[in-house]
Amino acid sequence: MKAWLALVKKEFRVGLPILLLAIVLFLVGLVIVTVSTYRFGYAWDAVGIIGLAWGGGHFFFMAIYMLYSLGVERKRLHLWLHNPMHASGLLAAKLVTGTVYMIISLLMVSIAAYVGGLHFVEFSDGTWFKIGMIAFVHVLMFAIDFSVYVILAYIVFLLLERYMPAFLSGTVVFIGWWLFAYLYFGLLADSKFYYAITEWGRIDLGFVANSLQFDISIREAIVDFQGEDTFIYAGNYVVELITILIIYFIASWLLDKKVEV
């Protein structure tokens with residue numbers, strides 16, 4: 001455990017530039033947008049909008065973080081892989097540090113979205129907080145989920161790089177990624193089999209919408225989330241969790257058995 005915690009500490013140093021970059025870009029964008037809209041009296045509206053937009057962009061935070069962190073290790077791959085720890089532990093250290101950094105960044109953005117949002121969307125403070133928590137958790141979940149797919153793609157890239165030039169192996173992985181996305185997210189996700197294993201644990205969002213008072217008017221747009229046919233299935237979350245666990249352990253196995261020499 002001590003060895004893994006030491007590894008996590010090292011990962012915090014390695015990944016710090018990504019956190020700093022995310023914060024600096026957000027603050028620069030926030031200043032530019034606020035200054036540009038101040039004279040028109042929409043400064044707080046702009047703060048809320050850029051907070052919401054940048055918060056949604058955190059869907060890619062973990063993927064970018066993992067690409068950067070794994071890219072650093074690629075330059076010293078022999079040292080990283082000679083760590084006696086199993087590959088799953090090496091990758092877990094990166095996922096943990098990336099998640100912590102993402103939470104820090106997302107909290108800063110969420111504050112801006114919350115403060116600014118109170119000025120252009122007429123929710124009560126409590127409703128804004130509840131909606132924000134739901135959005136926060138889902139952005140975090142989806143970002144981690146997406147990053148696991150990216151980890152597998154990068155491990156395959158490292159494996160192929162042993163047999164072909166980096167550009168060619170990158171091209172193969174890129175084409176393979178889109179082929180996988182088409183087969184899994186396109187064909188399989190739209191199949192009767194997928195519906196059969198995921199359509200259980202129905203959660204009625206119409207009920208959730210009512211409890212959160214989602215009937216609102218934003219300027220001239222009417223956003224109505226209430227509806228009898230608005231729902232999601234808990235099965236989707238469970239199946240996706242099982243899928244990313246399988247992908248994670250495949251990536252760990254490849255890193256241990258095929259990439260490590």
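The structure presented is a predicted model; accordingly, all values stated were derived computationally and were not measured. Numbers here simply count residues along the sequence, with the first being 1. Any value given below was found using the heavy atoms of this structure, including those in side chains, with hydrogens, waters and symmetry copies removed.
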Could you report the tightest heavy-atom contact between [X] and [Y], atom names first, then the distance?
{"X": "Ser147", "Y": "Leu95", "value": "OG-CD2, 3.6 Å"}
{"X": "Ala113", "Y": "Gly51", "value": "CB-C, 3.8 Å"}
{"X": "Met141", "Y": "Tyr237", "value": "CE-CD2, 3.5 Å"}
{"X": "Met164", "Y": "Val172", "value": "SD-CG2, 4.2 Å"}
{"X": "Phe193", "Y": "Leu188", "value": "CD2-CD1, 4.1 Å"}
{"X": "Ala46", "Y": "Val33", "value": "CB-CG1, 3.2 Å"}

With sequence neighbours excluded, residues passing ring pair (Phe, Tyr, Trp, His ring centres under 6.0 Å) with Phe180 =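 Checked Phe180 against ring pair (Phe, Tyr, Trp, His ring centres under 6.0 Å); matches are Tyr149, Tyr184.
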
Measuring only between side-chain heavy atoms, which start at C-beta, is [X] closer than 4.5 Å to [Y]?
{"X": "Tyr195", "Y": "Asp190", "answer": "yes"}
{"X": "Thr243", "Y": "Asp145", "answer": "no"}
{"X": "Leu70", "Y": "Leu91", "answer": "yes"}
{"X": "Glu73", "Y": "Lys94", "answer": "yes"}
{"X": "Val139", "Y": "Met102", "answer": "yes"}
{"X": "Val47", "Y": "Leu30", "answer": "yes"}
{"X": "Ile242", "Y": "Ile246", "answer": "yes"}
{"X": "Phe12", "Y": "Val96", "answer": "no"}

Shared ILVMFWY cluster between [X] and [Y], side chains joined below 4.5 angstrom?
{"X": "Leu187", "Y": "Tyr194", "result": "no"}
{"X": "Leu183", "Y": "Val173", "result": "no"}
{"X": "Leu27", "Y": "Leu107", "result": "yes"}
{"X": "Phe60", "Y": "Trp178", "result": "yes"}
{"X": "Val150", "Y": "Trp253", "result": "yes"}

query = Between Ser169 and Ala166, is there a donor-acceptor pair closer than 3.5 Å when you use the side chain of the first and the backbone of the second?
reply =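 Yes; judged by distance alone, with no hydrogens or angles, the pair exists.
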
message = Determine whether a donor-acceptor pair (N or O, by modelled atom type, separation under 3.5 Å) exists between the side chain of Tyr101 and the backbone of Pro17.
response =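 The answer is no, because no donor-acceptor pair under 3.5 Å joins these two groups.
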
Roughly how far apart are [X] [atom1] and [Y] [atom2], rounded to 0.5 Å?
{"X": "Leu16", "Y": "Leu21", "atom1": "CG", "atom2": "CG", "result": "11.0 Å"}
{"X": "Met108", "Y": "Trp54", "atom1": "CE", "atom2": "CH2", "result": "11.5 Å"}
{"X": "Ser252", "Y": "Leu90", "atom1": "OG", "atom2": "CG", "result": "8.5 Å"}
{"X": "His86", "Y": "Trp4", "atom1": "NE2", "atom2": "CH2", "result": "15.0 Å"}
{"X": "Asp256", "Y": "Ile155", "atom1": "CG", "atom2": "CD1", "result": "10.0 Å"}
{"X": "Leu67", "Y": "Ile151", "atom1": "CG", "atom2": "CD1", "result": "9.5 Å"}

query = So Leu19 and Val100, side chain to side chain contact (heavy atoms under 4.5 Å, CB included) or not? Walk me through it.
reply = CA-CA 10 Å; Leu19 174 64; Val100 172; over 6 Å; no

ask   = Hey, is NZ on Lys9 packed in by over 12 heavy atoms from elsewhere, all under 6.0 Å?
value =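 Atom NZ in Lys9 is not crowded, with 12 or fewer foreign heavy atoms closer than 6.0 Å.
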
inquiry  = Are there over 12 heavy-atom neighbours, none belonging to Phe185, within less than 6.0 Å of that residue's CZ?
reply    =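 Yes, because the 6.0 Å sphere around CZ of Phe185 holds more than 12 heavy atoms from other groups.
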
message = Using the rule side-chain contact (heavy atoms from CB on, under 4.5 Å), only one of Phe26, Tyr65, Phe61 pairs with Ser105; which is it?
response =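 Result: among Phe26, Tyr65, Phe61, Phe61 is the only option passing the side-chain contact (heavy atoms from CB on, under 4.5 Å) with Ser105.
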
